[in-house]
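Notes follow once the structure below has been shown.
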Amino acid sequence: MSYYKTAILYDPKPIRTELDRVVDFWLKYSHDKEHGGFFNCLGKDGKVYDELKYVWLQGRQVWMYSRLYRTMERFHRPEILEAAKSGAAFLQKFARVQASSGPGKCAFCLTRDGRTVKVQRTIFSECFYVMAMDELSRITQDKEMQADAESMMDRLIFWVQTDSSDLGRPQLPGDLPINSMAVPMMLLCLVDQLTEGRTDVAEKYKDLSGWCVERILQHIQRDGKAILENVTLNGKELPGCQGRLQNPGHALEAGWFLLQYALKKGDVQLQKTAVDKFMEIPFHTGWDKQHGGLFYFLDVDGHCPTQLEWNMKLWWPHCEALIAYLMAYSHSREPVLLDRFKQIYDYTFTHFADEEHGDWFGYRSRQGELVLDFKGGPFKGFFHVPRCLYMCEKLLDGLLERQDS
């Protein structure tokens, strides 16, 4: 399919307009001007229904505002920068939970005024803390903030590669150590964030990217015919439901992480693996041929996954699929990849975008009926939707520029 038809089918203007609407929704409703940071739990019309603040979502929102402000001229607006600074200040003041050895993990959940409510035994609050501080420091030129990001990154690497005991998750005799795809994916994402335009930092983390890629590739299982969410530390299939779990959205997200990395490295084989294994396999296994849309979870042997919401259609896997296939098409110009993008685009924009109030709904039934109508909650914030729209707009702009040149 020619670039001309690409422009007609997917002109960046609708995506640009939708991104503007999403940004305006969160700017209008989420900012806590009294205590700083952001309200995360927003109803369909933007009303706050719970004042708890979730650290990983706070970090994601700081990162997203900062990235938009830094890289897109129309978002170079003072209110966006001030919102990012407010969120970062709230995180730096309250996110760290004091341990006997000093500042420890980041909390998962805080009260409106910053008191710790819950700490999770995972690394994801810390991951988005790193992204937030690094991206904002690129605007403010705050060296201490950049150092804060790198310091947290170093703790993450220590927890993941050396000693996880500080996470508060004891190794029980019946609980097998696992390689969960989310961990190397996130660390690969963080390396990309921290090393952008910084040769000294790139040298510091040069070995970590390879380690992450190796760990992600271990999830290609069943003679190359399945992407499994959890494997053993040496890349073997785990027994039971945990080992059979497939997460199409995660695999697609890993696909574009790998493709982005492979394009920078000029690794042609890894580019092919990213598309053929981490995009095409989860698309073919995850797409609901009866009702459309991507399933949330699947069992590789066809059993019912332990997650009872497995057959629901959620916003974020579709966001990741849009990025993955448009990035793949932008690189290869293979028509089938554009066809995939079109198929996912049509489903996504007819099921999740809310034309009346702004932003996107997140949760629909298998048949496509709206199940939950809130716009923000503990696991849905200002991240997957704006990141998707932001990246798709840039990719489409790039395609059209090459068409005109």
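Values reported hereafter were calculated over all heavy atoms of this structure, with side chains retained and with hydrogens, waters and symmetry mates removed. Only a predicted model underlies this, so the values are computations on that prediction, with no experimental measurement involved.
- Using cut-offs of 30° and 60° on the angle between ring planes, the pair H318 and F352 is tilted.
- A salt bridge does not link D354 with K44: none of the charged nitrogens is closer than 4.0 Å to a carboxylate oxygen.
- Relative orientation of the W26 and F382 rings is tilted, given thresholds of 30° and 60° on the angle between their planes.
- Looking at D20 and R16, no side-chain N of the basic residue comes within less than 4.0 Å of a carboxylate O on the acidic one, giving no salt bridge.
- Using a 4.0 Å cut-off between a side-chain N of Lys or Arg and a carboxylate O of Asp or Glu, E150 and R198 do not qualify as a salt bridge.
- With F361 as the aromatic partner, K375 meets the cation-pi criteria of under 6.0 angstrom to the ring centre and within 45 degrees of the ring axis.
- Taking the six-membered ring for Trp and thresholds of 30 and 60 degrees, Y49 and F374 have ring planes inclined between 30 and 60 degrees apart.
- The aromatic rings of F341 and Y345 sit tilted, their planes meeting at an angle between 30° and 60°.
- Using a 4.0 Å cut-off between charged side-chain N and carboxylate O, D200 and K204 make no salt bridge.
- The cationic atom of R96 (NZ for Lys, CZ for Arg) lies less than 6.0 Å from the six-membered ring centre of Y129 and within 45° of the ring axis.
- Between W310 and F295, the ring-plane angle classifies as tilted under the 30° and 60° cut-offs.
- In this structure, K28 does not pair ionically with D359, as no charged nitrogen and carboxylate oxygen lie closer than 4.0 Å.
- If you run salt bridge (charged side-chain N to carboxylate O under 4.0 Å, His left out) between E135 and each of K85, R387, R67, only R67 comes through.
- Ring orientation note: the planes of F349 and W360 are nearly perpendicular, at an angle over 60° on the 30°/60° scale.
- Under the 30°/60° scheme for interplanar angles, the aromatic rings of F379 and W56 are found to stand perpendicular.
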